[in-house]
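Heads up: the structure comes next, in structure tokens.
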Protein chains: 2
Amino acid sequence: MYQILFNYIHNYSQMILTSEEMELIKNTFQPKKLRKRQYFLQEGDISKFTGFITKGAMRQYYVDEKGVENVINLFIENYWATDRKSFFDLKPSIFYIDAWENTDLLIITRADMAELMKKIPAINEMIRIMDDKNAIASQNRINAAISISAEMRYENFLKSYPQFIQRFPQHQIASFLGITKETLSRIKKKTLK
Amino acid sequence: MYQILFNYIHNYSQMILTSEEMELIKNTFQPKKLRKRQYFLQEGDISKFTGFITKGAMRQYYVDEKGVENVINLFIENYWATDRKSFFDLKPSIFYIDAWENTDLLIITRADMAELMKKIPAINEMIRIMDDKNAIASQNRINAAISISAEMRYENFLKSYPQFIQRFPQHQIASFLGITKETLSRIKKKTLK
DNA sequence: AAATATCATTGATATTGATCAATGATATTT
DNA sequence: AAATATCATTGATCAATATCAATGATATTT
């Protein structure tokens with residue numbers, strides 16, 4: 001289980017972890033299992049942990065005034081699940097995060113992560129690269145949301161994140177893309193021809 | 001001019017810079033002046049620098065197949081202007097960044113910034129906090145773009161970024177929000193009553 | 001000051017995508 | 001296997017926003 005995290009760190013940092021560092025990581029990240037539909041975070045709670053997914057799938061959403069779930073992030077293996085805002089300022093979150101499949105996580109608090117960043121250069125570098133990639137991906141998503149049609153947005157999604165199609169039902173993906181399930185159904189039908 | 005950057009670093013890092021560190025910063029960041037409408041980055045060029053704005057206003061946009069400018073970021077004092085993707089991988093950008101007012105920048109390359117992060121703890125911490133805040137702001141923008149109406153989006157913008165209203169014409173703000181200038185004009189008229 | 005460019009508003013119409021409602025298909029639970 | 005819940009499709013209608021075109025207002029340049 002930790003091996004997946006070690007690989008991830010190596011991948012991002014391009015650095016080799018010493019066996020002491022691996023020990024420290026094992027002692028700091030706690031394993032957590034969630035069954036399908038179980039919450040990792042609920043509205044009003046503080047996102048005290050960030051969780052590295054070694055197996056499974058999760059989604060982050062908020063519930064609007066009408067009671068509708070708006071999916072804002074989808075996560076699978078090798079993603080980090082947290083509400084970044086609440087995790088940053090330790091104030092109550094407006095989001096829910098739940099498991100969409102039975103999921104294995106390695107969880108860590110913000111304070112512990114800060115410690116590890118100081119003690120383990122590879123972790124520090126990993127976070128830096130993650131932040132760079134996350135900023136780029138967010139910018140892409142913003143551009144897509146404000147300047148292209150639902151159809152193109154779905155097409156881009158298919159191209160960039162094909163793995164997600166197998167893991168989440170269509171209406172969740174529609175919500176993630178900011179369109180209704182009916183519209184997505186029609187888009188699929190249309191592009192199929 | 002450098003004082004504005006020093007203040008910014010202090011603000012974000014909550015750390016005090018030594019006079020040696022200040023010297024190093026002065027020797028690494030280069031001042032650059034742009035006149036209104038002058039480009040900082042053009043499509044096809046590599047975003048070799050990130051620029052800290054000490055005075056002025058800039059915008060980032062791309063030009064779509066129809067030749068329409070799509071504004072994706074607006075910057076004023078105390079913002080950093082760069083195409084983060086191109087700056088990260090040093091590949092050609094798809095964006096333009098230009099000055100909307102006469103603008104003063106302090107510019108630095110990615111390599112030099114990496115050096116400073118190693119040598120100056122306050123800079124390292126500043127970048128970390130910037131990345132956190134940027135991730136949070138991006139998430140907010142994504143949520144707004146995919147799940148709320150143009151009217152609410154403008155209202156939120158007014159509340160969160162009132163300074164921008166004075167600095168950019170309405171059609172630029174409309175584009176930034178992902179709506180047409182005509183729709184924005186009608187929204188303003190409606191909410192005025 | 002006149003000429004020109006930029007920016008903002010308004011009206012008429014078109015388009016995209018949302019909403020509402022029904023039906024079918026596929027999983028999951030009993 | 002039957003019952004139930006979840007997921008996907010389809011049709012009819014509606015609402016939000018875009019597009020096109022004209023006009024006015026405000027800056028900027030000559």
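Predicted model only: the values in this text are computed from it and were never measured. Letters A, B, ... are given to chains in the order of the sequence lines, protein chains preceding strands, and every chain is numbered from 1.
Look at CD on B:E69: it is 14 Å from C1' on C:dC7, rounded to the nearest Å. Rounded to whole Å, the distance from NZ on B:K188 to P on C:dA8 is 7 Å. If you measure from atom NZ of A:K190 to atom C1' of C:dT15, you get 11 Å, rounded to the nearest angstrom. In this structure, the CD1 atom of B:I146 is 12 Å from the P atom of C:dA18, given to the nearest Å. At whole-Å resolution of the value, CG in B:L184 and P in D:dT19 are 15 Å apart. Atom pair A:L177:CG and C:dG17:P shows a separation of 12 Å (rounding to whole Å applied).
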* Going through the checks in order, is the salt bridge (Lys or Arg N to Asp or Glu O under 4.0 Å) test met by B:K48 and B:D112? -> CA-CA 11 Å; B:K48 286 168 74 172; B:D112 283 344; over 6 Å; no
* To do: Mark up nucleotides 20-30 of chain C, 5' to 3', with B wherever a protein heavy atom is under 4.0 angstrom from a base atom, S wherever such an atom reaches only the sugar-phosphate, and - elsewhere.
  => BB---------
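Through direct or relayed side-chain contacts under 4.5 Å between Ile, Leu, Val, Met, Phe, Trp and Tyr, A:L90 connects to A:I46.
Side chains of A:R128 and A:N124 form a contact here, defined as non-hydrogen atoms less than 4.5 Å apart. When side chains are defined from C-beta on, A:L24 counts as touching A:T28, because their heavy atoms get closer than 4.5 Å. Annotation: side chain of A:Y2 is not in contact with side chain of A:T54 (no heavy-atom distance under 4.5 Å).
Ring centroids of B:Y8 and B:F52 are separated by less than 6.0 Å, placing the two rings close together. Aromatic pair A:F176/A:F157: centroids less than 6.0 angstrom apart. Residues B:F6 and B:F29 place their aromatic rings such that the two centres sit no closer than 6.0 Å.
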Between N or O atoms, less than 3.5 Å apart, protein on one side and nucleotides 15-17 of chain D on the other: list the pairs.
unit_1: D:dT17; atom_1: OP1; unit_2: B:A150; atom_2: N; d: 2.8

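With DNA chain D read from its 5' end, the first of the two nearest nucleotides for B:K66 and A:R37 is the one closest to A:R37.
Judged purely by atom type and a 3.5 angstrom limit, A:Q30 has no side-chain atom pairing as donor or acceptor with the backbone of A:L106.
By the 6.0 Å and 45° rule, B:K133 stacks over the aromatic ring of B:Y12.
Near DNA chain C, meaning a heavy atom under 4.0 Å from it, residues 168-175 of chain B has B:P169, B:Q170, B:H171 in order of number.
A side chain to side chain contact (heavy atoms under 4.5 Å, CB included) with A:M58 is found for one member of A:D98, A:I97, A:L74 and no other, namely A:I97. When each of A:W100, A:Y96, A:F95, A:Y39 is checked for a ring pair (Phe, Tyr, Trp, His ring centres under 6.0 Å) with A:Y61, only A:Y96 meets the rule.
Checking the phosphate oxygens (OP1, OP2) of D:dT10, a side-chain nitrogen or oxygen of A:K189 falls inside 4.0 Å.
Listed by first and then second residue, the salt bridge (Lys or Arg N to Asp or Glu O under 4.0 Å) pairs involving residues 145-162 of chain B are B:E151-B:K190 (not counting sequence neighbours).
With the 3.5 Å cutoff on both pairing distances, Watson-Crick and G-U pairs in DNA chain D assemble into runs of at least 3 at C:1-30 with D:1-30.
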